[in-house]
Protein chains: 2
Amino acid sequence: MSQQPHNNTTDHRMCVSLVPLFNHLEKDQMKHIVELARSTPYPRGQIIYNEGDRSEGLYILHKGRIKIYRLSENGKEQIVRILEPGDFTGELSLFDAKPHDAYAETLEPVELCVIQRDQMQQLLQEHPAISLKMLEEFSSRLARTEQRAARIGMESAETRIALYLVDLSEEQRQLIVELPMSRKDLASHLGTTPETISRKLSAFEESGWIRQCSMKAVEILDLDALLLL
Amino acid sequence: MSQQPHNNTTDHRMCVSLVPLFNHLEKDQMKHIVELARSTPYPRGQIIYNEGDRSEGLYILHKGRIKIYRLSENGKEQIVRILEPGDFTGELSLFDAKPHDAYAETLEPVELCVIQRDQMQQLLQEHPAISLKMLEEFSSRLARTEQRAARIGMESAETRIALYLVDLSEEQRQLIVELPMSRKDLASHLGTTPETISRKLSAFEESGWIRQCSMKAVEILDLDALLLL
DNA sequence: ACACTGCCTTGACGCCTGTCAAGATTCGTC
DNA sequence: GACGAATCTTGACAGGCGTCAAGGCAGTGT
């Protein structure tokens with residue numbers, strides 16, 4: 001197999017044209033942005049930035065997946081979110097000039113573009129449409145995070161797991177849902193432990209509400225039962 | 001005392017010039033926005049919007065305080081955040097055209113301005129600076145919410161309460177901190193119960209780490225002890 | 001100023017779920 | 001395809017904290 005050069009133009013163009021943040025722009029505007037972006041490959045399991053690092057700019061993922069997580073004082077990690085191709089991160093320090101407040105680590109081999117802080121700020125000034133897209137993204141991310149916080153605070157672990165499956169089912173529009181992460185990461189995302197995830201999934205299966213097809217696929221048999229936990 | 005008319009111009013101007021979202025603009029730009037805003041008074045304990053309501057636009061608070069909360073299936077409420085003068089809400093539906101995902105209720109007599117959805121969108125298009133301010137606000141709100149979710153999921157109730165006091169102390173830059181809400185609301189914000197708040201505060205006091213001055217004021221005596229819980 | 005309503009406190013109890021440990025399974029790598 | 005390491009599962013156990021209940025207090029409105 002042939003090694004791709006780091007500054008392959010095709011990569012840049014993909015990066016920019018794939019991402020909702022930019023793909024609504026005119027051809028020549030995109031071309032301008034392409035020149036700002038620098039695509040870089042990362043192997044699996046690589047840390048892209050640490051908590052406390054100064055931000056380089058906006059990171060735009062166009063291949064692979066990245067997990068964003070925080071660490072508590074006693075070393076436990078919580079998954080904040082999983083980035084899929086088209087997602088971006090590093091936004092905090094774009095505005096506040098604050099260091100990153102979380103870790104970013106690749107789950108698979110990844111390719112992502114970086115747009116420098118100043119250049120991104122200029123883009124936002126020049127193209128209000130980009131700002132609006134970003135506001136849209138922020139507001140939906142905010143809504144999701146608030147819901148997650150509310151659930152972790154108010155619902156039992158059992159309910160959280162059940163609701164998570166339901167959410168996945170709605171997102172993927174299927175009754176056979178694909179779990180986007182390991183049980184360990186899932187546990188940390190839902191504010192519980194791998195053991196509890198394991199136990200509850202088994203319990204759901206024994207009740208006939210779900211079927212565990214494989215390690216990362218679950219078939220939902222009784223959606224209502226999950227909902228009224 | 002005299003009743004203020006609803007469309008008092010002074011109110012509008014205050015609204016616009018007070019708020020970080022707008023107060024960086026030129027005089028005549030502000031004047032234009034003032035004309036869009038409609039100030040309305042609300043008594044204490046009034047619901048401003050319900051979950052599921054269609055958004056009227058952007059609500060900008062310029063007097064009093066408002067609590068934003070969600071309800072779980074079983075009727076428990078969780079405080080998402082408390083709005084202080086200068087804060088705004090209703091942003092979700094500005095972009096997604098989705099209904100509100102939380103409730104807004106006044107904690108005190110309140111005055112707030114509303115800017116209609118379309119007019120706000122136009123403002124954002126015309127004044128990129130407003131978008132940037134809003135992005136700034138969103139990104140810091142997002143960071144706070146993610147931290148809250150992480151804490152609720154990973155730290156014990158005791159630690160959450162301790163860290164909350166420390167946070168308040170930093171925000172207010174004082175060792176005598178003023179609790180911005182009732183114990184009931186505090187509990188729901190921290191993902192616990194009023195009973196636990198009561199018990200833990202008493203325990204902290206007995207350990208000599210804090211002193212409960214009044215129902216809504218606490219003096220921090222040993223910040224380090226609270227931090228290493 | 002007073003009464004009343006809602007909030008706060010304290011106690012007792014029980015359960016959910018986190019923790020520790022060991023064995024089974026799966027996944028990544030060679 | 002096979003090894004090794006990491007992940008997942010299952011069990012036993014304990015304890016933090018939610019729940020229910022009753023009494024005291026504070027804040028609000030008349």
Side-chain angles (χ1 to χ4, degrees), chain A residues 43-46 64-65 67 72 74-79 105-109 151-162 164 178-206 210 212-218 229, chain B residues 1 43-46 64-65 67 72 74-79 105-109 151-162 178-206 210 212-218 229:
Chain A
R44 168 196 162 83
Q46 178 98 351
R65 295 188 314 145
K67 72 172 175 183
S72 71
N74 49 42
K76 278 205 280 188
E77 83 177 36
Q78 185 181 54
I79 308 290
E105 181 182 333
T106 60
L107 286 172
E108 312 161 1
R151 280 189 183 169
I152 296 177
M154 300 192 301
E155 315 282 6
S156 67
E158 183 173 55
T159 306
R160 265 136 55 199
I161 297 169
Y164 181 75
E178 191 182 334
L179 303 178
M181 39 185 155
S182 69
R183 272 141 174 73
K184 188 181 145 220
D185 286 350
L186 203 55
S188 97
H189 187 62
L190 297 176
T192 178
T193 61
E195 291 93 328
T196 300
I197 301 263
S198 231
R199 275 189 257 270
K200 291 305 177 187
L201 287 183
S202 299
F204 291 168
E205 186 161 34
E206 215 160 326
I210 68 167
Q212 303 192 52
C213 313
S214 73
M215 197 63 20
K216 49 177 58 172
V218 170
L229 264 182
Chain B
M1 69 179 69
R44 168 195 161 84
Q46 177 98 351
R65 296 189 313 146
K67 71 172 175 184
S72 71
N74 50 42
K76 277 204 282 186
E77 83 177 36
Q78 184 181 53
I79 307 291
E105 181 182 334
T106 59
L107 287 171
E108 312 160 1
R151 281 189 183 171
I152 297 177
M154 300 192 301
E155 314 284 4
S156 67
E158 184 173 55
T159 305
R160 264 135 57 199
I161 297 170
E178 191 181 336
L179 303 178
M181 38 187 155
S182 69
R183 271 141 176 71
K184 190 180 143 220
D185 286 349
L186 201 54
S188 97
H189 186 62
L190 297 177
T192 179
T193 59
E195 291 93 331
T196 298
I197 300 263
S198 233
R199 276 188 257 269
K200 292 305 177 187
L201 286 183
S202 299
F204 291 167
E205 187 162 34
E206 215 160 326
I210 67 167
Q212 302 192 52
C213 313
S214 74
M215 197 63 20
K216 49 177 61 174
V218 170
L229 265 181

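Below, read A as the first sequence line, B as the second, and so on, with proteins coming before strands; counting in each chain starts at 1. Just so it is clear, the values below take in all heavy atoms, side chains as well, and ignore hydrogens, waters and symmetry mates.
A salt bridge is absent between B/Arg160 and B/Glu155: the closest approach of a Lys/Arg side-chain nitrogen to an acidic carboxylate oxygen does not fall below 4.0 angstrom.
Atoms CE (B/Met154) and P (C/dT17) sit 19 Å apart, rounded to a whole Å. Computed from coordinates, the A/Arg183 CZ to C/dA24 P distance equals 19 Å when rounded to whole Å. At whole-Å resolution of the value, CD in A/Gln212 and P in D/dC8 are 12 Å apart. The separation between A/Leu179 atom CG and D/dT7 atom P is 16 Å, rounded to whole Å. Summarising the geometry, the separation between CD1 on A/Ile161 and C1' on D/dT9 is reported as 14 Å, rounded to the nearest angstrom. Regarding A/Glu77, its CD atom lies at a distance of 14 Å from the C1' atom of D/dA6, rounded to whole Å. Rounded to a whole Å, the CD atom of B/Glu206 is 13 Å from the C1' atom of C/dT9. Rounded to a whole Å, the CG atom of B/Leu107 is 12 Å from the P atom of C/dC7.
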For this session: Between protein and nucleotides 16-30 of chain D, map the contacts as a letter string: B base, S sugar-phosphate only, - none, heavy atoms under 4.0 Å, written 5' to 3'.
Result: -SSBB----------

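A/Leu107 is listed as a side-chain neighbour of A/Asp185, based on a closest heavy-atom distance under 4.5 Å. Contact annotation: the side chain of A/Met215 approaches that of A/Arg183 to within less than 4.5 Å [non-hydrogen atoms, C-beta and beyond]. Counting only heavy atoms from C-beta outward, the side chains of A/Lys67 and A/Met181 never approach each other to under 4.5 Å. You'll find the side chain of A/Ser188 stays beyond 4.5 Å of the side chain of B/Met154, heavy atoms only. Side-chain contact check for B/Leu229 versus B/Phe204: some heavy-atom pair is nearer than 4.5 Å.
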